[in-house]
Amino acid sequence: MSNLEDLYREIILDHYRSPRNRGELESPPALRVEGFNPLCGDEIVVYLDVTNGTLSNIKIAGTGCSISQSSASLMSAAVKGKTLEEVHKIISRFKQLMTITEGTLEDGSEPEPIDLASMGELAALAGVVKFPVRIKCATLSWNTLVQGLDEIPA
Amino acid sequence: MSNLEDLYREIILDHYRSPRNRGELESPPALRVEGFNPLCGDEIVVYLDVTNGTLSNIKIAGTGCSISQSSASLMSAAVKGKTLEEVHKIISRFKQLMTITEGTLEDGSEPEPIDLASMGELAALAGVVKFPVRIKCATLSWNTLVQGLDEIPA
Amino acid sequence: MTSFDARRVRADVPLLRRKINGRPITYLDSGSSALTPRSVIEAMSRYYELRHANVHRGVYVTAEEATATYEGAREAVGRFINAPHPNDEIVFTKNTTEAFNLLARSWGAKNLTKSDAVVLSVMEHHANIVPWFQLRDEIGFEIRFLDVTDDFRLDLSNIDEALRGAKLLSLSSMSNVLGTINPIKELAAKAHQAGALVAVDAAQSVAHTPSDVTDLDVDFFCFSAHKMLGPTGIGVLYARRELLADMPPFLGGGGMIADVSTRGFTPAKGVARFEAGTPPIAEAAGLTAAVRYLEQLGMANVENHERELTADALQRIESHFGDQIRVIGPHNVDRRGGVISLDVEGVHPHDVAQVLDQFGVCVRPGHHCAKPLMKRFNLAATARASFGPYSMTQDTDTLLEALQRAVELFG
Amino acid sequence: MTSFDARRVRADVPLLRRKINGRPITYLDSGSSALTPRSVIEAMSRYYELRHANVHRGVYVTAEEATATYEGAREAVGRFINAPHPNDEIVFTKNTTEAFNLLARSWGAKNLTKSDAVVLSVMEHHANIVPWFQLRDEIGFEIRFLDVTDDFRLDLSNIDEALRGAKLLSLSSMSNVLGTINPIKELAAKAHQAGALVAVDAAQSVAHTPSDVTDLDVDFFCFSAHKMLGPTGIGVLYARRELLADMPPFLGGGGMIADVSTRGFTPAKGVARFEAGTPPIAEAAGLTAAVRYLEQLGMANVENHERELTADALQRIESHFGDQIRVIGPHNVDRRGGVISLDVEGVHPHDVAQVLDQFGVCVRPGHHCAKPLMKRFNLAATARASFGPYSMTQDTDTLLEALQRAVELFG
Ligand SMILES: Cc1ncc(COP(=O)(O)O)c(C=O)c1O
Ligand SMILES: Cc1ncc(COP(=O)(O)O)c(C=O)c1O
């Protein structure tokens, strides 16, 4: 049986209580993308600054549960300052983390074996897959990020 | 248990095979009333000639099962040539015959104890009440008659 | 209260024997869907085992029995809500939601025009909002919303103005978020005086308080079997006979016609006109059993029992958690049912429900299909606990224990 | 046929142990509603006993299980009819009839205008006629009816003309009166070529022949669980993903919205948009069990079994009764299912069914919700016998014995 400690690891609670990169960016120039979980009413807004192929800045606004908020915070810390190529790698690793059930991210690509050690704090989200209904919470900000990146002209 | 002979008495089969007062009357002057059982598709048309308070002539057209057809035939034989007052008495006696379940005739009046002997051939319809779904068949022509009588100006 | 014993009700409900995460289940989500007693489950099994057949038009024995089962449910439901003419007034739908869609698309489409108004309230469930928006978006009448006061009651300060020229007042008898019980009888009288008809969303009240459409003097009354210890898949629209007789059909198909040709169709008369296709027959058998079960408990007993539970729970939540947990709903049990929405300081309802689940406690987080109400109180969601006739103080004990853990974890 | 044994199916169906008027029941009304095997009944009881809760939004264990049960039915149904994307293509309704109403009111209302045409056939069930009439009466498109030939086949002599400029061809895959199986695959290709979409009323075929929406290449596919050994109260609309994504909502209420305010609403995406209110959850569990049961039998086996029964019955009726009994439907079993409509010389179908009931034989008299077809053949009604996977030649034996009595009684 899965227990609460699997889900609510200290890192998660920490990112929930003290979210990183919280706030807004002026848009434009920043890209503003909204994500929405109609089932629980969670809303997330992701602001992205992309300069010369690098995600130079990211801010997160919106409301949600500890899982969606901490996942967004963890995400922002993981991707900020990274090249788009690196960002896509991080996204795909996170995706693998969540794919105990199929189709957790919306592009439907296939998962690969996963190296938790390489994931840093993001690994704290691994416990979420034991709570399938919460996967939607964890992936909300990531899907919103993906949506934003798709909107960036190549 | 009820059996087929209760329902399909000889008199009923006879009236089904050789229906009395089958046909049409020119309308006007005759009153033409249609009855319809949407569930089984049975249709009945009753033609009435009322002169000086007497049902001087009645004709039956339409199609239906043995119960609706024979009931119409029995009805026509029972009411033809009778004063309207007598007709109403016959209707109310038939109604009693059918009211083992409530509301078989549409005016909703209460049944009284019944004297089968006084009913002549109509008594053959007594078996129908053991087949509740067929009551609608037996009462179709009678309800149509009642509807016609209601349309006659007092 | 004489013969009412929640322990016996509890023993009748198989699901309450389940363990969740190692603990006996504490089911506090009857407001979403009530649990089914054995007699209801068995009524449906017996139906399938002994007399399943399609209804109407059948001449053989099981078809007659199936028809009697189905039509018998109309009588049972009519008796339960004191409808004077069940056979001409009780329409079976698939749920409360379909009942409101039927009402809007049939009565509404026929009777409402651009210059008319329909009065709803901010505390309505989406089932009693969206169908009216859909119709309005087509024909353009006005929709007025009665507000909710800061102490979670219907704001009636401008009721006369709201009703002026309105054709319909459509209100829930009990809020599925606040627990607030609305004064339907008084409002119905006012609405009728103003020339408006009255529809009631009784989904949330029907299993918790006595229902009497005749005494309330309302025109339409909608509810679902699954909230009253009955099955999924069946709901009810009661419509006053004179009104129903004039309503055009909604869904088209078999059973609702008098005639069909290649040119057009003529609708049937009576309730059949609104029941196209094979109806929920087994579900009608289950609904009848649920009605019988509730009648045996006695709805006044159920109401008293749940009122006591609610008073106790409200008092204990307040004394134990103080400002840490805010109850989004009236604080005393006068005109209030056993639906308790919680806003836990610093803990998202989703997380509250997750922690509670670990204790086997079932509550529902979310907007409860009442987004306008959520917006009114500036909330995205609440965690809602709700009682049923099988609820007992031990459920409240476990709820408090689990809430304490949630507060600690995120504190 | 290898592993198929109708006796074992029969043993699985509790109702077949019943006696009627002192004789074992001879159930020949599967075309109206099929009988339910024990596994289907038990799947629903178990659902209520162990994991009933409202779906979606729930975080606690039983709510998750109920949601998985409900969504699992989508997968099961999708597999059964070979829908490529069940989660985006299978919508649960209350029955076939609602599926067609949804189709007309959503796809139809959005895509049809005064200058368009919809092609139906004279052999359609009212469920695939009346909703189109209702919509036409509002917006005024043309409805064309393909005729039926004197030998009970779809008259395709003017199909190209009928399809010219049409937006939709909506046809039953199997007539519920004639038993005729229509060449859906060929007609779908023709319709698509002509620029029309294709909807199939599969209510009558789904439990008797394999269904493959991908192979047939059709756009919409409607059926009811109760005709496929499943429960009442649930039906299915399959809509091709690209089409479904563009269809506006039908019923409004909880679960089908993305947002609601006091000004208006935004509908949800995907299949949720069409499932307002609490869905038929227990029924979905029953439907999944029915699908599993039929898959285990193997639909090709069922088809073969029923074809043999039908061939035998048709041959024996003809040789025994000659001109006394006319079969209203194709006389050979090529492209024909096990629905046998009888016109008994001089005996009204109501009386036929009544006499048969005395022998425990269940057949259905009436117009079978296909009045245009009845009119085409100048009949008010037929007495219809129809087979299911549990039917056996002994049923035909009793049918013939009882028909003989009917003929004698009225002869
Ligand atoms: C061909 C056909 N279409 C539609 C229907 C309607 O199905 P339901 O009554 O389940 O909506 C039926 C069954 O009566 C049928 O046989
Ligand atoms: C007040 C109220 N109205 C309507 C509904 C909708 O009921 P259903 O989902 O059965 O259609 C509910 C239940 O969710 C409710 O609580």
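Each chain gets a letter, A, B and so on, in the order its sequence line appears, and its residues count up from 1.
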task: Report, as yes or no, whether the 6.0 Å neighbourhood of atom CG on C:D323 holds more than 12 heavy atoms from other residues, nucleotides or ligands.
output: no
field: Point-to-point distance, once rounded to the nearest 0.5 Å, from CD of A:E5 to CG of C:L409
entry: 7.5 Å
- line: One should read off an interatomic distance between C:H348 NE2 and A:C137 SG, to the nearest 0.5 angstrom, of 8.0 Å
- line: Sorted by chain and number, sequence neighbours left out, ring pair (Phe, Tyr, Trp, His ring centres under 6.0 Å) with C:F152 holds for C:F377
Heavy-atom contacts under 4.5 Å, residues 10-28 of chain A to chain C: A:L13, A:Y16, A:R17
- prompt: Should we count CD of A:E151 as having more than 12 external heavy atoms under 6.0 Å?
  reply: yes
message: With a 4.5 angstrom heavy-atom cut-off, is it the side chain or the backbone of C:V347 that approaches chain A, or both, or neither?
response: backbone
- request: Could I get the full list of salt bridge (charged side-chain N to carboxylate O under 4.0 Å, His left out) partners for C:R17, not counting sequence neighbours?
  value: none
message: Could you report the tightest heavy-atom contact between C:Q358 and A:L4, atom names first, then the distance?
response: CG-CG, 3.5 Å
Most contacts with chain A, counted as non-hydrogen pairs under 4.5 angstrom, among C:K371, C:Q354, C:M374: C:Q354
message: Can you list the residues of residues 51-73 of chain A that sit under 4.5 Å from chain C, counting heavy atoms only?
response: A:G64, A:C65, A:S66, A:I67
task: Look at atom CD of C:E401 and say whether more than 12 heavy atoms of other residues, nucleotides or ligands are closer to it than 6.0 Å.
output: yes
